[in-house]
Amino acid sequence: MIPLEHSFFNRPATEVARELLGAQLTRVLDGHHLSGIITEAEAYLGEEDLGCHAHAGKTRRNAVMYGPPGFAYIYFTYGMHWMLNAVTGAEGSPAAVLIRAIQPLAGVEWLAANRPRLAGKPGWLDGPAKLTQALAIDGDLNGFDLCDPGCDLFLAAGDAIAPERIQATPRIGLYSVPEPWKSIPWRFLVTADDPLLYNENSK
DNA sequence: CGGCCGATTATCT
DNA sequence: GATAATCGGCCGG
């Protein structure tokens, strides 16, 4: 297990999003390790990006994005869902990568216990709110250091995904975001025919 | 299958 | 007072 370094995140969000595919996300819960391999991620690139939460400047919610890279930006939306992001780029420049899907790697029985209805079905961890539910991630973890394996939430290196196994599409759910931001292909996911890191959303 | 729609509340204006 | 980086159930074909 090799934790990712803060320098890994101190790059453009698009680059980090691509390279986070294949990386290992681990949540320590009640002494158990719940882990998954990231198969989908989206990049949000600062105040210029009208799809990014930082587009209107710094607020209490997005403050972590303005901090140093490698930390967790976790926010609440649609009245019921928590979203997990990794802050990217230098301190003071707000950008992040939204983790959108994982394949189960360890502690599957605990992941399943958090998703009693969907556990085991195809795509049961393929969705940004699905994985936060399975990993029991909420606002209490906002601002945590994702590079510290002593944290209850951290990221570690995995097998690199070859470029030809990665597809890019527009980001999801940006209904009221103007063009071109709505259509820029800053969503990255492992292709559907990948035997190991299959992502239900890539069909 | 695919498309539509209601749920539910922290945060922002 | 309005909005939301979603999900899952329900409906029709």
Side-chain angles (χ1 to χ4, degrees), chain A residues 9 12-18 20-21 25 36 38-67 69 71-89 93-102 104 111-144 146 153 155 167-189 192 198-203:
Chain A
F9 296 94
T14 45
E15 207 172 310
V16 175
R18 284 177 161 274
L20 275 179
L21 299 182
L25 173 65
I38 296 171
T39 61
E40 179 179 344
E42 280 176 356
Y44 290 87
L45 272 65
E47 295 182 342
E48 311 307 312
D49 175 8
L50 295 188
C52 181
H53 283 166
H55 73 87
K58 190 173 181 176
T59 66
R60 185 170 60 186
R61 176 175 69 164
N62 67 27
V64 176
M65 269 202 290
Y66 286 79
F71 288 76
Y73 166 46
I74 298 170
Y75 69 89
F76 186 76
T77 192
Y78 288 109
M80 60 191 88
H81 298 305
W82 294 97
M83 301 285 160
L84 171 65
N85 300 255
V87 174
T88 65
S93 77
V97 171
L98 171 68
I99 311 301
R100 291 192 55 91
I102 59 173
L111 291 168
N114 291 330
R115 301 308 321 263
R117 315 290 274 273
L118 281 188
K121 293 183 181 160
W124 70 292
L125 296 172
D126 295 345
K130 292 180 183 176
L131 71 90
T132 55
Q133 284 176 52
L135 293 168
I137 291 169
D138 64 19
D140 291 344
L141 297 172
N142 189 38
F144 270 46
L146 295 171
L153 185 66
L155 285 163
Q167 55 178 292
T169 81
R171 295 171 292 181
I172 301 296
L174 306 191
Y175 303 110
S176 58
V177 174
E179 299 292 358
W181 309 107
K182 187 197 294 242
S183 302
I184 297 178
W186 282 345
R187 171 185 183 230
F188 305 96
L189 62 171
Y198 176 73
N199 180 329
E200 181 75 9
N201 298 329
S202 61
K203 284 189 297 191

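Labels below follow one simple rule: chain letters A, B, ... track the order of the sequence lines, proteins then strands, and each chain is numbered from 1.
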Flag the pair [X] / [Y] as yes when at least one side-chain heavy-atom distance between them is below 4.5 Å, and no otherwise.
X     : Y      : result
A:V97 : A:E42  : no
A:P94 : A:E47  : yes
A:F71 : A:L146 : no

Whether the side chain of A:K182 engages the backbone of A:L50 through a donor-acceptor N/O pair (distance < 3.5 Å, no angle test) should be reported.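 Flag not set: sc A:K182 to bb A:L50 has no pair under 3.5 Å.
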
State whether the side chain of A:S183 and the backbone N or O of A:P170 hold a donor-acceptor pair below 3.5 Å, judged by distance alone.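 No: the side chain of A:S183 does not pair with the backbone of A:P170.
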
Taking atom CD as the centre, does A:E179 end up with more than 12 heavy-atom neighbours from other residues, nucleotides or ligands that are less than 6.0 angstrom away?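 Yes.
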
Expressed as a whole number of angstroms, how long is the span from A:R60:CZ to B:dT9:P?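 In whole Å, B:dT9 P and A:R60 CZ are 17 Å from each other.
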
Bracket string, DNA chain B, 5' to 3' - pairs by Watson-Crick or G-U geometry under 3.5 Å, | interstrand: |||||||.||||.

Report, as a single string ordered 5' to 3', how protein heavy atoms within less than 4.0 Å touch nucleotides 2-10 of chain C: B base, S sugar-phosphate only, - not at all. --BBBSS--

Set of salt bridge (Lys or Arg N to Asp or Glu O under 4.0 Å) partners for A:D49, sequence neighbours left out: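 Applying salt bridge (Lys or Arg N to Asp or Glu O under 4.0 Å) to A:D49 gives A:R171.
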
For the residue pair A:H53 and A:Y75, categorise the inter-ring angle as parallel (less than 30°), tilted (30 to 60°) or perpendicular (more than 60°).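 The arrangement is perpendicular - the two ring planes meet at more than 60°.
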
